[in-house]
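In what follows, chains are A, B, ... by sequence order, proteins preceding strands, each numbered from 1.
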Amino acid sequence: MSAVRRPDADLKLAGQATYGTDLDAPGMLWAALVLAPGPRGRLRSVDLSAARALPGVVAVGASDVPALAGRGERDAERPLFADAQVVYPNQPLAAVAAPTLERARAAVRAVRVDLAAEPAVTDLEAIFPEWPGSGAASSPHVAAHVHARRGDVDAAFGSADRVVRETYRTASVHQVALEPHACLAEADGTTWRVRTSTQSPFGVREDLSSLLGVPESSIVVDGTWVGGGFGGKGASFLEPYALLLARASGRPVKLALTYREEFLLGRTTLPSVIRLDTAVAGGRIAARRVRLLLDVGTSLPGRDFATGYSIGFLLGPYQTPAFEVEGYAVRTNKPAFGPHRAPFAPQCAFALESHLEEVAHQVGADPGQFRADHLWVEGGTTAMGQPVAGFGIPAALAQARATAARWRAEAPAGHGVGIGLGFWSTGAGAGGETRVVLSERGLTILEGEREIGSGSVVVGLAAVAAERTGLPRERVHVEYGDTARAPFDSGVYGSRTVAALGGAVDEACRSLLATLAQRLGATVPVRLEVDAEQLVAVAGSSHRPVSELLTPEELRAGGLSADGKHYGRSGAIDESIVLDGTFYAFTDFSGAVHVAEVAVDVETGGVTVVRYAAFQDVGRTVDRASAHAQVEGAVVMGLGTALTEEAIWRDDGRLANPGLLDYRIPTLTEVPPIEVTFVEGYPGAGPSGAKGIGEPPIIPVPATIAAAVRAASGAHVTDLPLTGERVARALKRG
Amino acid sequence: MSASSVRLTVNGAPSPLAEVPHDERLLDSLRWRLGLKGTKEGCRTGNCGACTVLVDGASTLSCLTLTHEVEGAAVTTVEGVADDPVGARVRAAFADAGALQCGYCTPGFLVALTGLLREEGRAAPVEELLEELASNLCRCTGYSAIARAVKDARERLP
């Protein structure tokens, strides 16, 4: 499949890539966290004396932080350790380090905690059994409230031919990166240095600065290879604890989570309740009311991004003349909501697409045609008033419908074929910078970002540079640097690496070529070529070896360098429709349409996915093999969200299934054949119109499976995941 | 916990270990005593397969194996896979199929497939190989590329 071998393949296949879990240093101590014994309550005391009495043990609790941390202001809203109050299960109370992990664990057991337990609040619907009334926005349970309205919604519902009202519920899903979080900290003089498995070294540096009260200039973050991120390794997590212990002990400190702790402490997607009401007149959508309750765990008030971003996905890329959307980010006694590959978008797409299927059924329309009839049009505007540009979904839908029609004709009795659509915007984020260096041997891209597995850094950025300069890929290398050395970038998340950071690489390469053109005295564009193993700059008929174009100083310094910046494309929504809260504009218009054929066992409700097809709006394919691999991986991850994955938080605040045996992710033999088709020609914000590819292909999966299950069996399941139990229950309901 | 020495042969080299506690796991002996960190630590509960090694040729979860249990055995880790003619073919097949992304599950898959193919050769039906490998988890690739690599590796056997 892959035309070019991944540059990191040999290292990883030899077992020589160093991940966070592999870190060690001479004289290193092993650390462990002391976790709260209950989900909520008043903390009377945390007694570390017995732990400290063990040989070689260092312990740090809330009261030790001021003396150990920096002199700057620390973020009081994000205490590292619970102080007076425990607000989520297993909240860290203290951290210990010892010469061996066994002794660190013994020290954890020796800590005496006195917690006056209070009942936990874990269920959204226990907090708001009815839709919250006015005034709820000021409730301590509400972290954020968003509300927008366009048009006369009441009138549209009043005069509708038909109104369809439904409620959907979605489950908590975990990233399940195979590598647990891990880091190694050293605190030396005034420097705080940490090596860590992260999607965002600069993001961690920023977090550490506000958590520890230390200026960013005193913090150095160095990334390792990342054993899967999926959003779970974005913000800082273990680093401040390891750094405090390193400061307290004067030794390097290694802190890694156990896999059980990954589940208990992971910041991930939490449950939601989604109410969708649609008014139809003359066979067209006249209006929609969207009401969203999203569990955000212990997310801080006012800092919630999920609700204001996600709620737009409940209108979807469909023309909706009048609408009212209202959402509450609801705080519960759980770890804070965190990003998980296209945060909360697969859940929104599941609810909206399933609802559209229901609306189409009720009005007697073909669900595929119904969608096609309502999609935004290029040059039109979104529901939120943003101009639509580079919108490949209509083309993807047309292709998906053709495949679905063929599969329906071929499908045996008991099988069903469904379509699902997912909209996304890629390339967002806080921007970034890069530096490229041209030597006589090739081009080096200097990055603080580490490759997280998707290939976006080692393959994607190198491909962008190769395209721009003309160099073959094997002459372009990515070199990693820590945050003291590499140019700033906000991180590998939001499908932004190629789309946003790729823009910076492209700009740096253009600047480099412009310098070479000057030195060549060329008036036509310069390209780089390899001629008899020598790097040559070519412009029209003139060409010179690169070695002759570089100054002696540049040759000594390693080459000619050039910088590039990319601070993203930003859109704006129509603010006149906003009644409360913050809504976010899209940076580009990405998405995918999927088709699934499934078989349903009507006795058990068990679902078997027989075959699958994905039509991905990618703008322009930068590296076909990597893009293909992203779609395959995202589809299978999405099958987990669709069918089996559910972190079950019980009423007492405990997680019922904190392990891979009871939290089931897809395995090798459950994967259907997956056909991948790229829809090109609808440009995005990235180099030459590229769009991000990491997240969009997971979005339509639960919706697609639900539509196929309904087609196969008649079961209209409104809760995720579609476990056998839920499908069987829906079948019984009829 | 008492401790005593263990004799192992790891990737062909005699690797005597001194004062190994009786509850020490093979995974930890390999990673922290011998520095063979290619064997990955994932769940430590036998569910993910990232820590798979060969013990006298048999696929074994090193996280659920006590080092003392394998006294005298020959252990092969990912670092030793390429020295084996079958292992080298498996590795090439994974590289050519692009059957890795983050790479964290990769050592476990390489070792497990090498063990299976060394034992069964081309006689093993692909479906059976895939069934055997289903206890190794991967979160990145969606397994499709891994399945292609498995078929290809089998084809490459002499």
Visitor: Can you tell me if CZ on B:R7 sees more than 12 non-hydrogen neighbours from other groups inside 6.0 Å?
Guide: no

Visitor: State, to 0.1 Å, how close A:L178 and B:C105 come at their nearest heavy-atom pair, and which atoms those are.
Guide: CD1-CB, 3.5 Å

Visitor: If we define contacts as heavy-atom pairs under 4.5 Å, which of A:S626, A:A256, A:A14 has the most with chain B?
Guide: A:A14

Visitor: Measure distances from A:E451 to the heavy atoms of chain B and classify the residue's part below 4.5 Å as side chain, backbone, both or neither.
Guide: neither

Visitor: Return the CD to OG1 distance between A:Q630 and B:T141, rounded to the nearest 0.5 Å.
Guide: 10.5 Å

Visitor: Do A:V636 and B:Y143 come within less than 4.5 Å of each other through their side chains, counting heavy atoms only?
Guide: yes

Visitor: Sort out for me which of A:G455, A:P672, A:P666 touches chain B most, counting heavy-atom pairs under 4.5 Å.
Guide: A:P666

Visitor: Closest heavy-atom contact between A:P180 and B:Y104?
Guide: CD-OH, 4.1 Å

Visitor: Out of A:E645, A:Q16, A:E670, which one racks up the most heavy-atom pairs below 4.5 Å with chain B?
Guide: A:E645

Visitor: With the side chain counted from C-beta on, respond yes when A:L660 and B:L137 share a heavy-atom pair under 4.5 Å apart, and no when they do not.
Guide: yes

Visitor: So which part of A:E102 gets closer than 4.5 Å to some heavy atom of chain B, the side chain, the backbone, both or neither?
Guide: neither

Visitor: With a 4.5 angstrom heavy-atom cut-off, could you sort out which part of A:V226 is near chain B: side chain, backbone, both or neither?
Guide: backbone

Visitor: Can you establish whether the number of heavy atoms outside B:E19 located under 6.0 Å from its atom CD is more than 12?
Guide: no

Visitor: Looking at A:T18, A:I674, A:I665, which makes the most heavy-atom pairs under 4.5 Å with chain B?
Guide: A:I665

Visitor: Between A:L13 and chain B, which part of the residue has a heavy atom less than 4.5 Å away: side chain, backbone, both or neither?
Guide: both

Visitor: What distance do A:F230 atom CZ and B:C102 atom SG have between them, rounded to the nearest 0.5 Å?
Guide: 6.5 Å

Visitor: Looking only at heavy atoms, what is the nearest atom pair of A:K12 and B:L100, with distance?
Guide: CB-CD1, 3.6 Å

Visitor: Hey, which of A:V631, A:V176, A:T258 has the most heavy atom pairs under 4.5 Å with chain B?
Guide: A:V176

Visitor: Counting heavy-atom pairs under 4.5 Å to chain A, which of B:R44, B:E127, B:Q101 comes out on top?
Guide: B:Q101

Visitor: Evaluate whether atom CZ of B:R33 has more than 12 neighbouring non-hydrogen atoms of other residues, nucleotides or ligands under 6.0 angstrom away.
Guide: yes

Visitor: Between B:R31 and A:D22 (salt bridge meaning N to carboxylate O under 4.0 Å), is one present in this structure?
Guide: yes

Visitor: Looking at B:E41, B:R139, B:K37, which makes the most heavy-atom pairs under 4.5 Å with chain A?
Guide: B:R139

Visitor: With a 4.5 Å cut-off on side-chain heavy atoms, are A:L668 and B:N136 touching?
Guide: no

Visitor: Does any backbone or side-chain atom of A:L257 lie under 4.5 Å from a heavy atom of chain B? Answer side chain, backbone, both or neither.
Guide: neither

